Structures are given as C-alpha cells and as structure tokens.
Amino acid sequence: MNRFEEYCTKFVQAVGSKDGAVSPAITSSASFSYLTPEIAEGIFDGSIKKPLYARMGNPTNARLESIMAEMDRGVGAIATSSGMGATTLAVMSIVSMGDEIISIGGLFGGTYAFFSETLSRFGIKPHFFDVDDFDSIENAINENTKIIFLESVGNPNMKLPDIKKIASIANKHGVLLIIDNTTTPLCISPLVLGADISVYSTTKIISGNSSALGGCAVFRAINEGEDKLKSPRYEFLQKFIKGTGKIALFANAKKRALRDFGMSASAHASYQTMLGLETLPLRLSRISQSIEVVSSELSKNGLDINHPSLSSHEHHQRYLNDFKNGCGSLFCIDFKTKEKAFEFLNKTKLATLTANIGDSRTLALHMASTIYRDFDEATREFLGISDGLVRVSMGLENPKDIIKDFLQASR
Ligand SMILES: *Cc1c(COP(=O)(O)O)cnc(C)c1O
C-alpha cells in the first residue's frame with residue numbers, strides 16, 4: 001500500500017486519545033515520586049513500569065517513542081534532545097577505544113565531524129567510502145569494526161545507497177548497521193531492509209515547522225536463535241541479551257548512553273513532534289510530488305539540478321525501485337560559483353535562508369560557506385560540496401510559485 005495512505009490513519013489514531021484529553025499530555029516534571037520504598041525498589045529493578053526520573057524517560061516521550069518504534073517496525077525507541085543526540089546515543093552505546101566505524105556516503109556535516117574530529121580523539125577510527133564502493137567497504141571490515149553507518153538519502157549529495165546490499169555485507173561479517181533515516185519510514189524502512197538501529201533528526205520533516213529540536217533512535221529485536229550480535233565482537237552486549245532478551249540493543253542504549261550521557265528529550269519537544277507526526281504523511285506526499293515537478297521544470301530551464309527523480313541522476317533506477325514514495329524534501333542546485341549562488345539567494349523571494357531542512361516553508365542555503373565551511377577541499381569534494389552548491393528543502397508552497405521565483409532569481 002501507498003505508505004502515505006497507511007500512515008495517515010496510523011498517526012492520527014496513535015497520537016490522539018479516545019479517553020480524556022485528546023491531545024497528548026505534556027508531563028514536564030523532572031522527577032517522579034514513589035509512594036513507598038517497595039515501589040521505588042520495583043521501579044529501579046524494572047519490575048514496576050513507572051517513570052523513574054526524567055533523564056531516563058517520561059510519559060510524553062514514551063508516547064512518541066512507541067509511535068516511532070511502531071512506524072519503523074522496531075522493538076523499542078529512545079527519544080533524544082536532537083538528531084545528533086540520537087546518533088551519539090546509538091554510536092556511543094556500541095563503541096569502545098580501539099574500535100573502527102565504516103561510514104558510507106555523503107554525510108550530514110555534524111555526523112561527519114562527530115566521526116572524524118570527536119570520536120577520533122577517543123581512539124575510535126572512522127573510514128569513509130562512497131555509497132557504491134562495495135569492495136572497499138567489505139575489505140575495510142576487520143575484527144575491530146563495530147559499526148557500519150550510512151544515510152538512507154545522502155544529505156546533501158542526494159546519493160541513494162543500496163541498503164539491502166550493504167546490509168548483506170554487514171550481516172555476512174557480523175557487523176552492526178546504523179542508518180540515519182531522517183527522511184522517515186514513509187520513504188524507506190531501514191530495519192525491514194536489514195539495519196539494526198535507525199536514527200532520526202525529528203527536528204526536520206517529522207516536526208516539520210521549526211518548532212522543536214529532537215531526535216530518536218529505533219532498535220530492532222534480537223533474534224531468539226542465532227543472531228550476529230551474539231558474538232564476541234559485541235561482548236558488552238551479552239549481559240543485556242541474557243537479562244533483557246530481544247530488547248537488548250534498546251536496554252543497552254538506555255543504560256550506556258541515555259543514562260550516562262543524558263541526551264534526553266524534553267516533554268515539550270516530544271509533544272510538538274507528535275503534532276508534526278499527525279500531518280507528516282500529508283506534508284511529505286505533497287512535498288514528494290512538488291519536488292519532482294520543480295526539479296524537472298528547473299532542469300528543463302537549464303539549471304543544474306541534483307535529484308534522483310531526474311533520469312540523468314546516477315541513482316535514478318534505485319529511486320524508481322526503492323523509493324516509490326519519494327526520498328524526502330531535498331534537492332540541490334549547482335550554480336558553479338559562490339558569487340552566482342549568493343546572487344540567487346539574494347534574489348529569491350520565497351526561500352528562507354536557514355540551516356534547517358524539512359520545514360513547511362521552502363528553505364535554501366549555500367553549503368560551502370556555512371555548514372561545510374570547516375572542512376578542507378578534499379573532504380568537501382568527497383561529500384559533494386562544490387563551490388556553487390545550494391541545498392534546497394522543498395516546502396508546502398504551490399510548486400508553480402517556487403518555479404517562477406527560482407527562475408527569476410537565477411536569471
Ligand atoms: C539535521 C540532521 C541531523 C542532525 O539533527 P539535529 O536535530 O539538528 O541534531 C542528522 N542527520 C541528518 C540527515 C540531518 O539532516
């Protein structure tokens with residue numbers, strides 16, 4: 001079934017309540033009281049399912065987490081303070097000093113810097129490969145490799161990875177696969193295709209209107225019989241598998257990352273995020289349609305457009321096969337020089353210039369002078385950041401208005 005239709009029903013039904021307050025309650029208490037010491041003991045040993053302390057979760061976050069887990073076919077989810085918080089949670093719950101991470105594709109700048117600058121300070125070695133460099137990816141796996149990481153849609157290089165193929169490499173070698181699926185399961189379902197953890201910046205298309213910073217990590221179930229994670233490579237995980245069974249990846253992240261690092265979501269942000277989820281299918285289906293029309297029209301008018309819906313794109317076939325509901329809100333325009341790009345950004349009347357994506361409004365930004373300004377030339381080239389590159393996030397406006405505005409601005 002068309003995922004937009006499927007999720008229209010699911011989200012509004014899951015967010016609203018039929019008993020009492022229809023809109024989700026915001027529980028903004030930092031701490032939670034225990035009526036008796038026996039109850040306190042039960043909450044701490046996990047036998048009583050009640051809130052413990054807001055760093056470890058609260059009822060508003062729990063509601064969002066159950067919707068996110070269900071939409072991604074996971075066994076558990078953890079809401080976080082931001083998308084980077086979700087990536088940090090997932091990664092830091094798995095790696096130790098001396099480990100290696102294989103990172104595939106043109107990454108979001110924050111994730112690239114986290115791997116290359118910060119994790120390397122802690123003795124964790126990142127390797128970076130192009131999405132289609134399968135041999136190098138496989139050859140780079142050794143006994144220290146703990147994570148393969150990729151983005152389901154390259155931001156901003158617009159490359160689409162062959163997720164099934166990379167998952168089969170990860171499974172063959174018993175390595176955990178994390179996918180940044182900020183583009184949402186309405187476009188593609190990483191856990192169904194073989195990933196172990198998916199992470200989201202809910203700040204983007206899920207909230208959808210710049211009202212809440214947030215993130216979420218969703219975890220797959222550990223299999224009852226054989227499972228690649230029941231191996232010495234993930235020795236630290238074995239006690240969680242013994243103690244908590246199929247939710248071990250989730251339980252490990254909750255203790256080893258959420259509790260120890262504290263990237264916890266706020267109840268207010270989770271509330272805003274749920275309001276966003278209610279209308280996500282409507283917004284995303286409109287954006288997916290608009291983006292194809294706008295990309296094609298601008299391209300016909302001589303602009304250098306990067307979007308996989310165009311037949312000239314290297315991953316057009318993957319777009320048609322794997323992304324039947326589109327691949328999110330992004331496309332790029334290469335103006336060749338910084339001057340031309342700035343001229344366009346000064347002349348557009350509709351685009352809002354900001355570092356965000358997935359908003360109700362159309363957004364645009366020159367990449368090299370902003371998000372990617374700290375990276376050297378070779379890194380920028382690898383990430384697909386050319387001098388004149390403008391990233392656009394398609395909004396809900398009438399696509400004809402955007403086409404008209406962008407054409408006048410690029411003249
Ligand atoms: C924005 C973004 C992030 C980081 O999310 P924040 O909520 O800003 O921390 C991670 N991955 C992708 C693909 C993003 O677009």
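These figures come from a predicted structure and were not determined experimentally. Computed over heavy atoms, backbone and side chain alike; hydrogens, waters and symmetry mates excluded. Positions are given from 1, in the same order as the sequence printed here.
Shown here are the side-chain contact (heavy atoms from CB on, under 4.5 Å) partners of Ser66, two or more places apart in sequence or in another chain: there are none. Applying the ring pair (Phe, Tyr, Trp, His ring centres under 6.0 Å) test to Phe134 and every residue at least two apart in sequence or in another chain returns nothing. Residues meeting the side chain to side chain donor-acceptor pair (under 3.5 Å) test with Lys338, sequence neighbours left out: none. Every residue meeting the ring pair (Phe, Tyr, Trp, His ring centres under 6.0 Å) condition with Phe344, not counting sequence neighbours, appears here in chain and number order: Phe335, Phe406. Every residue two or more places apart in sequence or in another chain that forms a side-chain contact (heavy atoms from CB on, under 4.5 Å) with Thr244 is listed here: Phe240, Ile247, Ala248, Ala251. Applying the side-chain contact (heavy atoms from CB on, under 4.5 Å) rule to Lys228 yields the partners Ala170, Asn171, Asp196, Arg220; only residues at least two apart in sequence or on another chain are considered. Every residue two or more places apart in sequence or in another chain that forms a side-chain contact (heavy atoms from CB on, under 4.5 Å) with Asp19 is listed here: Ser17. In terms of the ring pair (Phe, Tyr, Trp, His ring centres under 6.0 Å) criterion, Phe108 has no residue partners (sequence neighbours excluded). Residues satisfying the side chain to side chain donor-acceptor pair (under 3.5 Å) test with Ser116, not counting sequence neighbours, are none. Contacts of Tyr372 classified as ring pair (Phe, Tyr, Trp, His ring centres under 6.0 Å), with partners at least two apart in sequence or in another chain: Phe375. Legend: residues meeting side chain to side chain donor-acceptor pair (under 3.5 Å) with Ser23, ordered by chain and number and at least two apart, are Tyr271. Taking the side chain to side chain donor-acceptor pair (under 3.5 Å) definition, one finds that His173 meets it with Glu138, sequence neighbours left out.
Arg3 and Ser189 form a side-chain donor-acceptor contact under 3.5 Å, judged by distance and modelled atom types alone. Defined by atom type and a distance below 3.5 Å, a donor-acceptor pair is present between the side-chain atoms of Ser309 and His307. For the residue pair Asn209/Ser360, the side-chain donor-acceptor check at 3.5 Å is not satisfied. Ser198 and Asn181 share no donor-acceptor pair across their side chains, judged by distance under 3.5 Å alone.
The backbone N or O of Ile403 lies less than 3.5 Å from no partner atom in the side chain of Glu297, so there is not a single donor-acceptor pair. In this structure, Arg391 contributes its side chain and Pro156 its backbone to no donor-acceptor pair below 3.5 Å. Checked by atom type and distance alone, the side chain of Tyr34 pairs as donor or acceptor with a backbone atom of Leu52 at under 3.5 Å. A side-chain donor-acceptor contact under 3.5 Å links Ser266 to the backbone of Ala269. Looking only at distances, no side-chain donor or acceptor of Ser295 sits under 3.5 Å from a matching main-chain atom of Glu292.
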Exercise. Given the rule in the side chain to side chain contact (heavy atoms under 4.5 Å, CB included) test, do Tyr7 and Leu284 qualify, once you have shown the distances and angles that lead to the verdict?
Worked result: CA-CA 11 Å; Tyr7 281 102; Leu284 197 51; over 6 Å; no
**Intermediate values then yes/no, salt bridge (Lys or Arg N to Asp or Glu O under 4.0 Å), Lys159 and Asp132** = CA-CA 9 Å; Lys159 292 193 181 187; Asp132 290 329; over 6 Å; no
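Using bins of under 30°, 30° to 60° and over 60° for the plane-to-plane angle, the ring pair Tyr319/His316 lands in the parallel bin.
Counting non-hydrogen atoms of other residues, nucleotides and ligands closer than 6.0 Å to OH of Tyr53 gives a total of 12 or fewer. Within 6.0 Å of CG in Asp135 there are 12 or fewer heavy atoms belonging to other residues, nucleotides or ligands. The environment of Lys347 atom NZ is dense: over 12 non-hydrogen atoms of other residues, nucleotides or ligands sit within 6.0 angstrom. In this structure, Glu381 places its CD atom where only 12 or fewer heavy-atom neighbours from other residues, nucleotides or ligands lie under 6.0 Å away. With a 6.0 Å radius and a threshold of 12 heavy atoms from other residues, nucleotides or ligands, Lys230 has its NZ atom above the threshold.
Rounding to the nearest 0.5 Å places OG of Ser264 at 9.5 Å from CD1 of Ile78. Interatomic distance, Ile166 CD1 to Ile169 CD1, rounded to the nearest 0.5 Å: 6.5 Å. We find the OG-CG distance between Ser29 and Asn58 to be 8.5 Å, quoted to the nearest 0.5 Å. Taking CD1 from Ile94 and CG from Leu176, the interatomic distance works out to 5.0 Å, rounded to the nearest 0.5 Å.
Put simply, the residue from Thr27, Thr60, Ile26 that forms a side-chain contact (heavy atoms from CB on, under 4.5 Å) with Ser270 is Thr60.
A pairwise comparison of heavy atoms in Ile188 and Ser152 identifies CG2-CB, 3.8 Å as the closest pair. Asp401 and Leu350 make their closest contact through O-CD1, 3.5 Å (heavy atoms, listed as atom of the first residue, atom of the second, distance). When every heavy atom of Gly395 is checked against every heavy atom of Thr362, the shortest pair comes out as N-OG1, 2.9 Å. The heavy-atom pair separating Ile287 from Gly328 by the smallest distance is CG2-O, 4.2 Å. Smallest separation of non-hydrogen atoms from Ala69 and Val218: CA-CG1, 3.9 Å.
Taking 4.5 Å as the limit, some side-chain heavy atom of Ile206 sits within range of a side-chain heavy atom of Met68.
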